[in-house]
Amino acid sequence: MTATICGTGSYIPSYTMDNHDIARLVETSDEWIRERTGVARRHIIREETTVSMAAEAARRALKDADVLPEEVDLILVSTISSNVIIPCAACEVQKELGAVNATCFDLSAACTGFVLAYNTALAYLAGGVYRTALVIGSESLSNLTNWKDRGTCILFGDGAGAAVLRACGGQKEAGGSGAGPYLPVTHSDGSKGAALTCKSRHDFNGLAEEGRQSSPEDMTDESHYMQMDGQAVFKFAVKRVPEVIGEVLSLNRVSTDEISYYILHQANKRIVEAVAKRLAEPMEKFPMNLQEYGNTSSASIPILLDEMNREGRFAAGQKLVLAGFGAGLTWGASIVEWNR
Ligand code: COA
């Protein structure tokens with residue numbers, strides 16, 4: 001048994017903050033942010049929540065896949081910015097969709113989250129436990145952002161992306177039959193966790209109940225926001241991401257020539273460029289949309305997948321690499337065969 005992606009969807013808040021808006025909050029400039037990160041603007045929630053964005057992305061993915069909510073057996077939401085601790089976001093999404101037959105739970109692994117959620121769903125489907133899964137990455141990082149810290153507030157944004165996975169076929173057939181036969185490679189190093197932390201959510205201060213965004217005036221304790229050693233995270237990413245991509249390719253005996261696209265977590269243009277260089281692969285194989293959305297953590301990979309799907313950039317039989325990295329520290333890569 002294997003499984004394949006049969007639909008994608010995404011939801012992006014319409015409200016945007018460009019680099020000039022950020023420069024009104026902290027000492028920075030559009031030029032600096034573009035040059036050091038590649039980000040030009042980010043979309044920020046207003047009325048939306050992590051759950052509402054996840055549900056809308058999921059609705060769009062189900063429509064794209066032509067799958068009914070009742071057919072979904074598993075809903076997995078990857079998030080670090082859920083509205084509440086319990087119930088989990090996946091159960092809230094289930095309620096919104098009417099996916100009454102689904103088993104639902106969340107997964108927390110920051111920017112590697114979507115890759116790990118995809119792998120988890122794949123294991124269930126390939127093992128014959130479930131037939132249809134909804135895998136969602138949704139983040140309201142603006143609630144975790146310290147808008148006084150120019151080292152982090154320039155980077156992040158909000159949004160959600162989703163993919164529908166369906167069990168199919170047996171072993172790999174001519175022309176490919178899905179992602180099942182490809183084994184992922186994933187790693188974690190908890191000893192380096194201090195490089196990127198967030199003690200607790202700002203919602204604890206009652207912001208969500210009041211229906212408003214966090215702002216510099218709301219800040220009571222900096223540890224309630226994301227704190228990052230930017231250089232350490234940068235060095236980690238440019239070393240570990242090409243390494244893990246190399247590992248996943250060699251484990252599955254797939255060559256770089258066979259890969260059409262590397263769908264990397266969208267953290268920083270310079271990280272993506274460094275990974276391409278280390279793999280000696282052309283930049284055309286590394287699509288980016290971080291200029292528009294910033295780093296949306298576990299939403300970044302499914303948002304990019306959905307954009308490319310809707311633009312008709314994938315063809316049946318193409319192989320893609322998904323690669324995530326981030327807090328934990330965690331990192332991992334999976335090979336996906338596009339078969340729609
Ligand atoms: N605007 C203007 N200047 C800034 C700035 C900003 N937003 N942020 C930092 N600076 C300044 C620093 O104070 C420093 O000044 P100094 O030389 O006078 O001391 C200088 O720019 C260089 O700072 P540094 O921290 O070395 O910058 P950098 O090139 O490492 O870029 C990041 C900072 C955060 C953009 C970069 O480290 C990065 O992207 N890291 C990875 C982060 C990431 O992707 N995290 C999520 C992973 S999932």
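Numbering of ligands and ligand atoms starts at 1, following listing order. Quick caveat, the model's predicted, so the values are computed rather than measured.
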(message) Please determine whether a side-chain nitrogen of the Lys or Arg among Arg270 and Glu273 lies less than 4.0 Å from a carboxylate oxygen of the Asp or Glu.
(response) no
(request) Specify side chain, backbone, both or neither for Asn295, according to which of its non-hydrogen atoms lie closer than 4.0 Å to ligand 1. (result) side chain
(message) Can a side-chain donor-acceptor contact be found between Asn339 and Thr4 if the only test is distance below 3.5 angstrom?
(response) no
(request) Please check atom 6 (C) of ligand 1 for a protein heavy-atom neighbour under 4.0 Å. (result) yes
(request) Identify, by atom number and element, the atoms of ligand 1 in contact range of Arg270, meaning under 4.0 Å from any of its heavy atoms. (result) 29 (O), 31 (O)
(request) Within a distance under 4.0 Å of any heavy atom of Gly230, pick out the atoms of ligand 1 and give their elements. (result) 37 (O), 40 (N), 41 (C)
(request) Identify, by atom number and element, the atoms of ligand 1 in contact range of Gly151, meaning under 4.0 Å from any of its heavy atoms. (result) 34 (C)
(request) Number the atoms of ligand 1 from 1 as they appear, then name those within less than 4.0 Å of a heavy atom of Asn268, with their elements. (result) 38 (C), 39 (O)
(message) With no hydrogens and no angle check, just 3.5 Å: does a side-chain donor-acceptor pair link Ser81 and Asn143?
(response) no
(message) Checking contacts now, so for atom 1 (N) of ligand 1, which I'm interested in, is there any protein heavy atom under 4.0 Å?
(response) yes
(message) Side chain, backbone, both or neither: which applies to Thr28 and ligand 1 if a contact is any heavy-atom pair less than 4.0 Å apart?
(response) both
(message) I'd like to know if atom 16 (P) of ligand 1 has any protein heavy atom within a distance of less than 4.0 Å.
(response) no
(request) May I ask whether atom 12 (C) of ligand 1 is less than 4.0 Å from at least one protein heavy atom? (result) yes
(message) Salt bridge check, Arg60 against Asp64: does any charged N sit closer than 4.0 Å to a carboxylate O?
(response) no
(message) Need the ligand 1 atom indices (1-based, order shown) with element for anything under 4.0 Å from a heavy-atom of Arg36.
(response) 29 (O)
(request) Please check atom 22 (C) of ligand 1 for a protein heavy-atom neighbour under 4.0 Å. (result) no
(message) Within the 4.0 Å heavy-atom shell around Cys111, which atoms of ligand 1 are there?
(response) 48 (S)
